[in-house]
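A quick write-up on the structure given underneath.
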There are 2 protein chains.
Amino acid sequence: MRPTVHDIAAAAGVSLATVDRVLNLRPGVRTVTREKVEKAIERIGYIRDVAAANLAKSRIYPLVFILPAGDNSFMRGLEAEIRAAIERSAFERTQISIVTVPAFDAPALQAALEEAHAIRPAGIAVVAVDSPEVAASVNRLRDDGIPVVTLVSDLSGSNRDHFAGVDNTAAGRTAGNLMGRFLGERPGPVAVLAGSMLVRDHRERLEGFRAVLDAEFPGRTILPVLEGHDDPTEAERLVRGALETHPDIAGIYSLGAGNRGLITALKTSPSKPCVIAHELTPHTRRALQDSLIDAVLNQDAGHEVRSAIRVLKAKADGLAVIGAQERIRIDIFLKDNLPFDEARTPREDL
Amino acid sequence: MRPTVHDIAAAAGVSLATVDRVLNLRPGVRTVTREKVEKAIERIGYIRDVAAANLAKSRIYPLVFILPAGDNSFMRGLEAEIRAAIERSAFERTQISIVTVPAFDAPALQAALEEAHAIRPAGIAVVAVDSPEVAASVNRLRDDGIPVVTLVSDLSGSNRDHFAGVDNTAAGRTAGNLMGRFLGERPGPVAVLAGSMLVRDHRERLEGFRAVLDAEFPGRTILPVLEGHDDPTEAERLVRGALETHPDIAGIYSLGAGNRGLITALKTSPSKPCVIAHELTPHTRRALQDSLIDAVLNQDAGHEVRSAIRVLKAKADGLAVIGAQERIRIDIFLKDNLPFDEARTPREDL
DNA sequence: CTGTTAGCGCATTCAC
DNA sequence: GTGAATGCGCTAACAG
């Protein structure tokens, strides 16, 4: 049988209450007593039963998720995953609220963070806009003992506890490597469609992509970046324009959202460039199956949400997490390894 | 506040014990009473607190993992992940034992299953050899109420509760697609190195690979399969022989283990074929970095082990699992998206 | 500063 | 058939 608080109390010759005070770092214990208890804990190899502790505390974890509003398939998918987590909240002792703010809007995000701060939740997960003011708000939260996890896009110069997202530089490099190899000897430049250079994930992807193409596929030129603000209409216009101006475009790397517009433009294009895009949505999935897109790099939104929750709960309790379990992978999808569409097929496991 | 057993008892006008009998499907309750209680449960929307239940029961989950013995990097990595899970067993209320059996040996595996059966654990995870006798043993376990999860390689004709592994046909297709594209116009046949056609995962990978190459890259011939029994020495001999017999080999797909031998053979090869292999081990990682291997398809052993444990616990309790969380991905690694080597770098999160 | 006691939500004896 | 009482391991009043 695992040792319990009673065993510690007996071994140290004190009462349960004193043991509890030591375990939970509460004041009101003489240093000698404290040391006596700590020795006993060490000696008998006590491991706290977190479940029992949570039961006794009737602990629930109020969490706030802040993410961009708007018509962005990936972000709406992320929101759906958060709602799925809300469904499970009874089992996971969480109480999750969702806040949406205008995309790429640092002041709005900051306001949302301050508002969330006032609620004093057990933790906050936020899709960051990379700005100093946002970082300042996050640091204030941390100073106040509220754990913060950045989600999808990270925040420079902040003390956020954890980043639940992919290594976007590596993602860009991977896209570059695939693009270079898929194109082979095919001549022509490569176009890049981005959302905004205001978010760190987009900047990092571009950087990685550039680095690999320059180093390993010299002679392949990259056209000036098209900034489509994750808007399908704008993306379509930009891509259409690029394909007209440069009819010899060999490849397109779409590193942001707005892929619906990209796909529309591709459908009427006389040439068939090699296309690599990010995030598996209903649109990119379809385009992959139709061979309009050659590869999709994805981050698993469900994994990111579950990971953010696990990490926030652990940080709130000062517990460790399983490092490997919280690493978000860069999923590479070709049309041959698409996962089943869970929205359209019944689950087998429930 | 969430309703508890007390609330049910009050609402139904019975005692706690009766509520418990109904909840846990125990006999000794009149049908009328039972229905009265069930109505109350329904009405007040009761959700059982599993943590509290486990506390009251002092429940632990004895689990058995059965995997192949021998000098196979992937399997030893899998074993290391199981040992990591054993480290966490105090927190997860598990008690895990590891059993190793000779590889590709159905009778030995069957004996191990029978032995595990005698222990009557809460669940069994097994790397299956695909044979009817093994399936029979598994079915007997199931009939006896012991949940079984197949790990890495699945078992045909059995009632295993769940398969914790990748879709190997899709993995083979993915390898075929990548191989076809990476080779582009480069002439020459493709060699395939397998372990054994006795395990289902290898058969399925080959099938998928063949299907895509035949359908989408006609004109690319596949040489007769080399069967290396996951043994480095044998693999090296076979690959060396193939490269001598067919100096124009353009690509090699290694769909099993024994990659150490493959890599040794590649190092002294005058030609530089495009190589796609399975499983990220220290050897394949290094070869990827050295550009001896072009892509590695991987299954995350840590994820598989954690998933198997979650599923076995859930099945033992008759609970649901989060489908998406238990889907094991086909990870595609190029040298640009290699994860940090956790064995050699300090963890940031603990 | 330290100890006693009740209770978190549930399961399980043992009476009735 | 049914109910009252006790305890799982821990926390949190409230006394002393």
- For A/E35, all residues meeting salt bridge (Lys or Arg N to Asp or Glu O under 4.0 Å), sequence neighbours excluded: none
- Residues passing the side-chain hydrogen bond (donor to acceptor under 3.5 Å, both in side chains) test with B/S58, sequence neighbours excluded, are none
- Which residues share a salt bridge (Lys or Arg N to Asp or Glu O under 4.0 Å) with A/R43, sequence neighbours left out: none
- Item | Polar contact flag, side-chain donor to acceptor under 3.5 angstrom, B/Q325-B/S307 | no
- Note on the structure: Separation of D/dC8 atom P from A/D49 atom CG, nearest Å, is 12 Å
- Who pairs with B/E79 by side-chain hydrogen bond (donor to acceptor under 3.5 Å, both in side chains), at least two apart in sequence or on another chain? B/R76, B/R83
- Item | Listed partners of B/D331 passing salt bridge (Lys or Arg N to Asp or Glu O under 4.0 Å), at least two apart | A/R329
- Among residues 5-29 of chain A, which residues get a heavy atom nearer than 4.0 Å to DNA chain C? A/V14, A/S15, A/A17, A/T18, A/R21, A/G28, A/V29
- Query: Does A/R59 put a side-chain nitrogen or oxygen below 4.0 Å from OP1 or OP2 of D/dC10?
  - Reply: no
- Query: Residues two or more places apart in sequence or in another chain: which of them pass salt bridge (Lys or Arg N to Asp or Glu O under 4.0 Å) with A/D144?
  - Reply: A/R120
- Item | Integer-rounded Å distance: D/dT11 P and A/N54 CG | 9 Å
- 5'-most to 3'-most nt of DNA chain C touching chain A (<4.0 Å, heavy-atom partner on protein side) reads C/dC1 to C/dG9
- Item | Angle by which the axis turns from one end of the helix from C/dC1-D/dG16 to C/dC16-D/dG1 to the other, five pairs per end, to 10 degrees | 40°
- Query: Can you check whether B/I47's main-chain N or O pairs, donor with acceptor, with B/R2's side chain at less than 3.5 Å?
  - Reply: yes
- Sequence neighbours excluded, which residues qualify as side-chain hydrogen bond (donor to acceptor under 3.5 Å, both in side chains) partners of A/Q95? none
- Value in whole Å for how far the C1' atom of D/dG7 lies from CG of A/L55: 12 Å
For a quick test of your reading: what N or O donor-acceptor pairs under 3.5 Å do the side chains of residues 15-24 of chain B make, sequence neighbours left out?
| residue | atom | partner | partner atom | Å |
| --- | --- | --- | --- | --- |
| B/S15 | OG | B/A17 | N | 3.3 |
| B/D20 | OD1 | B/N24 | ND2 | 2.9 |
| B/D20 | OD2 | B/R26 | NH2 | 2.4 |
| B/N24 | OD1 | B/R48 | NH2 | 2.4 |
| B/N24 | ND2 | B/D20 | O | 3.3 |

- Closest-nucleotide ordering on DNA chain D, the 5'-leading residue of B/R93 and B/T33: B/T33
- Just jot down the side-chain hydrogen bond (donor to acceptor under 3.5 Å, both in side chains) partners of A/R306, sequence neighbours excluded, or say none. none
- Length of the NZ-C1' vector between B/K57 and D/dG9, whole Å: 16 Å
